[in-house]
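Index from 1, following the sequence.
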Amino acid sequence: VNTIAVLGFKRRMVPVLVVWLALCLSGTWAVDRSNFKTCDQSSFCKRQRALKPGESPYRALLETMELTNTRLTLQLINDNNKVRLLLELYRLQGNMTRVKINELKPLKPRYEVPDVLVREPPTEPLSVLSQDENGVVLSLGVESQRVIVSAQPFRLDIVEGHNVLMSLNSRESHTCTHTHAHTHTHTRTTKEEEEKVEEGMWEETFKSHSDSKPNGPSAVSLDFSLPGVEHVYGIPEHADTLRLKTTDNGDPYRLYNLDVFQYELYNPMALYGAVPVMLAHNTQRTTGIFWLNAAETWVDISSNTAGKTVFGKMLDYVQGSSETPQTDVRWISESGIIDVFIMLGPTPKDIFSQYASLTGTQSFPPLSSLGYHQCRWNYNDQEDVRSVDAGFDEHDIPYDFIWLDIEHTDGKRYFTWDPHKFASPKDMLQGLKDKKRNMVAIVDPHIKVDSNYKIHNEIRSRGFYVKNKDGGDYEGWCWPGNAGYPDFTQPDMRAWWASMFSYDQYEGSMDNLYTWNDMNEPSVFNGPEVTMHKDAVHGSWEHRDVHNLYGLYVHRATMEGLIQRSGGVERPFVLTRAFFAGSQRYGAVWTGDNAAEWDHLKISIPMCLSLGLVGISFCGADVGGFFKSPSPELLVRWYQTGAYQPFFRAHAHLDTPRREPWLFGPENTALIREVIRQRYTFLPYWYQLFYHAYRTGEPVMRALWVEYPQDPATFAVDDEFLIGRDLLVHPVTEEGARGVTAFLPGKEEVWFDIHTFQKHNGAQNLYIPVTMSSIPVFQRGGSIIPRKLRVRRSSACMEHDPYTLFVALNTRRTAEGELYIDDGHTFNFDNKEFIHRRLFFSNNVLSSVNVAPEAQFTTKSWIERVVILGASKPRKVTLITAGKLKTAVCNKENKVFNVGCSFQVVLSVLHEQCLKEAPVFRVKIYFALFLFADGHKSQLDFDFDASVSVLTIRKPSMNAGEDWSMALQ
């Protein structure tokens, strides 16, 4: 729900809120830009941006350098005011470097972000290679990587061999506004300059709101130069292209969690979440910058190739221009310290691993949450819920979750139910549970100030509310009217909040009720920029220091509550709107209150791709658009896109006509039904991708350049995407489209249309005629994808159903994939209760082997069918179930093993002898042929379609958890 109420609800809201809403509703469904600051209206951003490159006064005092086994410390001095800073430099495990800069003796402590890092990052030794009066050279221990610390002006260069990978303060834009008493002035040469600097430092006004700034200015900034780089990505959340644009002629990208009503597209305005992580990529290397600061932050980007046409770049090449492409990035934060992690890759997947080691991986969601979610503001009552639920069955459309928005509560009091409309919530939940379905109910972090409301009374009595600048409880307007805001930065508050989700506290809840945290930026209707005043107080800190953390803490406390209510057994599902670095550990996010417009459909792709690059894989957009009413064509196309994005939920504003999938005529119902059913057939693939995201930090929904990092043609593509590495999706996002042009990457690749099985070569732009039923999706040759084709009313109903393996052969006539199975909802997988099998096809043999022999789990599912794309017609197909292996051949070292041992033993021999470099979760079988000496053999029926070279092997019927091999002869 956004901060716009409908007219019918005005009578319920207090008059002040009515006035605010009326202003917001004045004649347009679009963002009011005047409600949100530009850089010029944010005094610290304006001051910092006014500094020209080369004006940084900082010098390194090399005589203060101290080097221990874990870190280097060095003092920096501002030659203008003689204030000293402390530089700390760490070499971290995993090819990362950490740089911290703080005041040596601050007037009061500066905020350092807690709770985001999963642990204190382990360090590795630094050593001095050389030193003179101009600087010091340190070894980073990785090949020829070094850090060069230059003294005057202060500068850091990270080099490898003769190449500079990244420079810090090379443009001399580093600042650290030192904390000082109000009577002091920032050192300048003239009185006029002093007065100019003072403006907005000690008090700042935006519209009718005043920020008292009791601690004065404390901004920090640092620039980074990236030689050889033209493409940078990340720093979500922005409704913009995947590749970040230069900001020379406009505002910087802003990171400041805000409730923005129907946001504009293709601009750097702040939105609901902020992840201060940027990736830089070229054909040789991927690097990353993680700026660990939770205050309002602006990011400027410039490039020496910006604006040059392709012809201009070719002309530079022909004329022998020696200018190396370079991107420069400057980070500016209002408060806190400089704490930056430099991730040196060198590959995209190394970056994902490095960042995951710092902030954790995507939580492993329950399987049901990967199904379809039906939501609107609001389903009216229990009968409405029952009717919508029955409608899905009547129209044979599967779904897993139905959602309740704010109107389900008793007067916007969260953890309660409307006593008239939802009088028997357990009966409602039990009805869903009987069908193996679930519900999500909203729980927002603004609490109605009401002495008859238990939640409010407990928070107030425990002193858990955020305080205003004068020490009283901070209050603002939100959905309930006057509301207090719990201080989620306090561990005691988070623990208490988590306890409220227990079944004896949250009356009417059951184990199939999950949670949605909205409005947690936090949204304050009558606050500056629709959020909390910066001089509000969280313990010892101002809200300006912690702002971007607030949503993460709400998300975390809610997630912990859902885990605790089950005694630590069940995996939670919690959706959040606001987020920060590390939010991936706690659940899913969505792109907020979008609109039923074609451009909003298009922008959902780069928005989710950007989130995936910075660790948040569980992303989706409101299908159909939250505001306005989609045409049937737009709605169908949005379902077709959303079905291939990680979080798949339809949602709509209270003012819009109902839009359940069957309300747009039989033809559109059939189209929507088909794509939702497609989603369910791919659930095994989605699930194992999320398992890998949990284990490795790799994104589920991927930009093409992640898998094809040396192909510049992929670097700016954001109208199509990969799911894992094996599915390529190019949604239809243009109104009235008769065709789309998809780029199929990879010079050596082949791609198979999953609907027609037609084969296409990679490294080409392929024009695809489309109709309303078309969803261009391709499976990569060389892959094996498990699917479940028996679609039922929910994912849990399909638990024991059989698998069909789709084997797409590459040009070498090989393929590999995997199958992951567990119970789908508990944490038992962490106790080795799962099945993880490697599937591979080579030399006309398809085999399934166990890559986790220490794990114990059983399944009733079986292999029902094998479909081989790009096949030749065999004379016969023989199934050989697990027995003794006679021969295994591995072409990595061209060895032949003649052994009489179990299938698993030979697999371990292959690992040891041929695959030492391959981790267990990414086994790369180069060539393996297994012949069973005493396994059971049977002949299988098959069909061969010569027109598309597709072989379908029917009813092999082996258990999905068994060892087996299938030989084509």
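- You'll find the side chain of Ile754 reaches within 4.5 Å of the side chain of Leu727, heavy atoms only.
- Proximity of a side-chain donor or acceptor of Asn282 to a complementary backbone N or O of Gln284 within less than 3.5 Å is detected.
- Gln678 pairs by the side-chain contact (heavy atoms from CB on, under 4.5 Å) definition with Tyr644, Glu674, His755, Ile775, not counting sequence neighbours.
- For the pairing with Leu140, the side-chain contact (heavy atoms from CB on, under 4.5 Å) check across Thr97, Asn95, Val159 returns one residue only, Thr97.
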Candidate pair Glu124 and Gln93, rule side-chain hydrogen bond (donor to acceptor under 3.5 Å, both in side chains), full reasoning: CA-CA 6 Å; Glu124 294 186 340; Gln93 288 182 10; 4.8 Å; no
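- Listed here is the closest heavy atom pair of Ser604 and Thr641: OG-CG2, 4.4 Å.
- Contact of the Leu226 side chain with the Val329 side chain is registered, since non-hydrogen atoms from C-beta on lie closer than 4.5 Å.
- Judged by distance alone, with hydrogens and angles left aside, the side-chain atoms of Arg637 form no donor-acceptor pair with the main-chain N or O of Leu601 at under 3.5 Å.
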Step-by-step side-chain hydrogen bond (donor to acceptor under 3.5 Å, both in side chains) determination, Glu818 to His692: CA-CA 11 Å; Glu818 60 189 285; His692 279 293; 2.5 Å; yes
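- The stretch residues 709-719 participates, sequence neighbours left out, in no side-chain hydrogen bond (donor to acceptor under 3.5 Å, both in side chains) pair at all.
- Side-chain polar atoms of Ser167 and Ser225 form no donor-acceptor pair below 3.5 angstrom.
- Between the side chains of Thr814 and Ser842, no donor-acceptor pair of N or O atoms lies under 3.5 Å.
- Side-chain contact annotation: Ser783 with Gln779, donor-acceptor N/O pair under 3.5 Å present.
- To the nearest 0.5 angstrom, Trp331 atom CH2 is 11.5 Å from Asp300 atom CG.
- Atom CG of Leu358 sits about 7.0 Å away from atom CG of Leu92, to the nearest 0.5 Å.
- Looking at heavy atoms from C-beta onward, Phe721 lies out of side-chain contact with His730 at the 4.5 angstrom threshold.
- Residues satisfying the salt bridge (Lys or Arg N to Asp or Glu O under 4.0 Å) test with Asp223, not counting sequence neighbours, are none.
- Taking 4.5 Å as the limit, every side-chain heavy atom of Arg780 sits out of range of all side-chain heavy atoms of Val750.
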Would Asp350 and Thr347 satisfy side-chain hydrogen bond (donor to acceptor under 3.5 Å, both in side chains), going step by step from the backbone distance to the final call? CA-CA 5 Å; Asp350 289 328; Thr347 70; 2.9 Å; yes
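- We find the CG-OG1 distance between Leu689 and Thr696 to be 9.5 Å, quoted to the nearest 0.5 Å.
- Asn761 is not listed as a side-chain neighbour of Lys747, based on a closest heavy-atom distance of 4.5 Å or more.
- Remark: Leu552 engages Phe580, Ser583, Tyr586 in a side-chain contact (heavy atoms from CB on, under 4.5 Å) (not counting sequence neighbours).
- Phe364 pairs with exactly one of Tyr687, Phe618, Trp686 by the ring-ring contact (aromatic ring centres under 6.0 Å, His included) rule, that one being Tyr687.
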Would you check, one step at a time, whether the test side chain to side chain contact (heavy atoms under 4.5 Å, CB included) holds for Tyr685 with Asp726? CA-CA 10 Å; Tyr685 183 62; Asp726 295 334; 3.4 Å; yes
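- A donor-acceptor contact closer than 3.5 angstrom links the side chains of Arg787 and Thr681.
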Could you walk me through whether Trp751 and Lys759 pass the side chain to side chain contact (heavy atoms under 4.5 Å, CB included) check? CA-CA 6 Å; Trp751 296 90; Lys759 183 171 71 172; over 6 Å; no
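- Residues Gln362 and Tyr694 are not in side-chain contact: their nearest non-hydrogen atoms beyond the backbone lie 4.5 Å or more apart.
- The closest side-chain donor-acceptor pair between Asp599 and Tyr266, if any, does not fall under 3.5 angstrom.
- Qualifying salt bridge (Lys or Arg N to Asp or Glu O under 4.0 Å) partners for Asp753, counting only residues two or more places apart in sequence or in other chains: none.
- For the atom pair Leu244 CG and Thr327 OG1, the distance stands at 10.0 Å (nearest 0.5 Å).
- Other residues, nucleotides and ligands contribute over 12 non-hydrogen atoms within 6.0 Å of the NZ atom of Lys602.
- Using a 4.5 Å cut-off on side-chain heavy atoms (C-beta onward), Val147 and Val137 make no contact.
- For the residue pair Ser303 / Gln326, no side-chain donor-acceptor distance below 3.5 Å is found, with atom types taken as modelled.
- If you check the side chains of Arg837 and Ser848, you find a donor sitting under 3.5 Å from an acceptor.
- Annotation: Phe752 is not in aromatic contact with Phe757 [ring centroid separation under 6.0 Å not met].
- A ring-centre distance under 6.0 Å is not found for Tyr272 and Trp590.
- Looking only at atom types and distance, the side chain of Glu230 has no donor-acceptor partner in the side chain of His281 under 3.5 Å away.
- Checked by atom type, the side-chain pair Thr741/Asn765 shows no donor-acceptor distance below 3.5 Å.
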List the steps and the verdict of side-chain hydrogen bond (donor to acceptor under 3.5 Å, both in side chains) for Thr359 and Gln584. CA-CA 8 Å; Thr359 67; Gln584 67 271 12; 2.8 Å; yes
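- Ion pairing between Arg725 and Glu698 fails under the 4.0 Å rule for side-chain N and carboxylate O.
- Distance alone, capped at 3.5 Å, is enough to place a donor-acceptor pair between the Arg679 side chain and the Ala643 backbone.
- With sequence neighbours left out, Glu748 forms a salt bridge (Lys or Arg N to Asp or Glu O under 4.0 Å) with no residue at all.
- For the atom pair Ile723 CD1 and Phe682 CZ, the distance stands at 7.5 Å (nearest 0.5 Å).
- At least one side-chain heavy atom of Ile616 sits under 4.5 Å from a side-chain heavy atom of Val275.
- Across all non-hydrogen atoms, the minimal contact from Ile351 to Met343 is CD1-O, 3.5 Å.
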Quick one: do Leu344 and Arg285 satisfy side chain to side chain contact (heavy atoms under 4.5 Å, CB included)? Show the steps, please. CA-CA 8 Å; Leu344 295 175; Arg285 193 177 202 98; 4.2 Å; yes
With side chain to side chain contact (heavy atoms under 4.5 Å, CB included) as the criterion, how do Ser847 and Leu839 come out once you've worked through the C-alpha distance, each side chain's angles and the decisive distance to 0.1 Å? CA-CA 6 Å; Ser847 299; Leu839 308 168; over 6 Å; no
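- Under a 3.5 Å cut-off, the side chain of Arg254 and the backbone N or O of His238 do not form any donor-acceptor pair.
- Note that CG of Asn594 and CE of Met607 are 8.5 Å apart. Values are rounded to the nearest 0.5 Å.
- Judged by distance alone, with hydrogens and angles left aside, the side-chain atoms of Asn293 form no donor-acceptor pair with the main-chain N or O of Thr297 at under 3.5 Å.
- In this structure, Arg330 fails the cation-pi test against Phe224, since its NZ or CZ atom is not both closer than 6.0 Å to the six-membered ring centre and inside 45 degrees of the ring normal.
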